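Just below is one structure, and these are the notes that go with it.
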Amino acid sequence: MNILVTGGAGYIGSHTCVALLEAGHSVIIADNLSNSKRENVEKIMRLVDKEVTFYEIDVTDEEAVDVIFRNYNIDGVIHFAGHKAVGESVEKPLDYYCNNIVSTIVLTKACKKYDVRRFVFSSSATVYGDNTVPFVESMNLLPTTNPYGETKAMSERILTDIAKSNPAFSVSLLRYFNPVGAHESGLIGEVPSGIPNNLMPYVTQVAKGNLKKLQVFGNDYPTVDGTGVRDYIHVMDLAEGHVAALENLTEGVHIYNLGTGKGTSVLELVNAFEEANGIEVPYEVVGRRPGDIASCYADVSKAERELGWTAKRDVISMCWDAWRFEKNNFLRLPTMLNR
Ligand SMILES: NC(=O)c1ccc[n+]([C@@H]2O[C@H](COP(=O)([O-])OP(=O)(O)OC[C@H]3O[C@@H](n4cnc5c(N)ncnc54)[C@H](O)[C@@H]3O)[C@@H](O)[C@H]2O)c1
């Protein structure tokens with residue numbers, strides 16, 4: 001299939017492009033590089049030794065999106081493009097609503113115009129709010145605590161309504177849990193800007209010595225050791241989940257949790273990182289962060305049953321691969337600067 005991957009130069013998008021190409025699909029990336037670099041596209045091609053078509057466009061731009069649909073026989077869209085920083089969304093709600101909602105509308109309008117019937121959307125476990133774990137796809141969604149989460153819940157509703165109005169449209173809403181790690185080659189991975197919001201990039205920055213200590217937000221939650229519990233999923237497992245969702249897509253709306261089904265606490269992840277890589281990660285416990293919930297992990301039985309997909313890589317592999325990417329980037333930096 002010819003797949004349009006919006007946000008394909010970003011963290012999850014780039015890994016998914018690799019998995020798509022390896023599965024024999026063709027990839028057209030549309031990305032405005034607001035949170036990624038063009039070199040990621042080159043790295044994707046290098047990893048799989050295949051060509052990728054790249055458009056540096058904003059997917060809220062209807063004209064620019066139309067050009068792609070006009071020029072290519074698109075079979076499906078995977079829509080990753082969006083802003084994703086929870087804290088920033090509280091400060092700049094309009095930016096988040098405009099970018100994340102308008103992009104979904106523009107892309108689905110183009111799908112309608114060009115009769116493209118497959119649409120896979122990057123949603124998030126955040127739409128479950130503070131439900132009881134494990135989160136199951138059939139649960140009623142609870143309000144999220146930030147505009148970012150609301151854009152995901154709203155995009156889900158928009159896509160559901162479009163599918164209801166057009167029975168030929170097939171939509172897969174993928175609710176990601178906590179993607180971490182990097183491609184096993186160490187060539188592509190997550191490059192956070194500033195002080196990372198997410199745990200693994202924070203841990204790698206501390207391990208590298210860029211930050212002195214990891215701040216652990218609260219150790220008085222009702223969890224195994226008092227620290228927050230999350231369902232970490234290796235980004236390559238997540239990428240393969242997209243290929244499974246796309247290839248098994250049937251008419252209507254389908255919602256899948258993409259996680260491992262296992263909760264890991266902050267301190268368990270820190271210990272796993274230290275064990276996997278032999279590096280100490282100093283930390284200090286500080287107060288709870290507003291909006292954080294105690295535990296978040298998935299019931300993954302639906303994806304296994306309907307897509308034949310399960311996450312295969314364990315937490316130690318996630319820690320190895322995250323660190324390998326970090327080291328590679330660090331060591332290659334002087335060479336890249338000399339170019
Ligand atoms: N990383 C996570 O923890 C996580 C968890 C749940 C859901 N998600 C969702 O998955 C998707 C991908 O996340 P990621 O971690 O790879 O983020 P990312 O920032 O690395 O990738 C997003 C990409 O989209 C691009 N982009 C943003 N707005 C655009 C626009 N208007 N037009 C064109 N390109 C645009 C950015 O340049 C970037 O390359 C996002 O929608 C995010 O909300 C991420």
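All values derive from a computational prediction rather than experimental measurement. Read the numbers this way: they start at 1 and go in the same order the structure lists the ligands and their atoms.
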With no hydrogens and no angle check, do the side chains of [X] and [Y] hold a donor and an acceptor under 3.5 Å apart?
X: Tyr96; Y: Glu88; result: yes
X: Glu150; Y: Thr144; result: yes
X: Asp321; Y: His234; result: yes
X: Tyr114; Y: Asp66; result: yes

- Task: Write down, by chain and number, every protein residue that brings a non-hydrogen atom to less than 4.0 Å from an atom of ligand 1.
- Result: Gly7, Ala9, Gly10, Tyr11, Ile12, Asp31, Asn32, Leu33, Ser34, Asn35, Ser36, Ile57, Asp58, Val59, Phe80, Ala81, Gly82, Lys84, Asn99, Ser122, Ser123, Ser124, Tyr148, Lys152, Tyr176, Pro179, Asn198
- Does Arg175 make a cation-pi contact with Tyr128 (under 6.0 Å, within 45 degrees of the axis)? yes
- Message: When you measure from the centre of the six-membered ring of Tyr221, is the NZ or CZ of Arg288 closer than 6.0 Å and no more than 45° off the axis?
- Response: yes
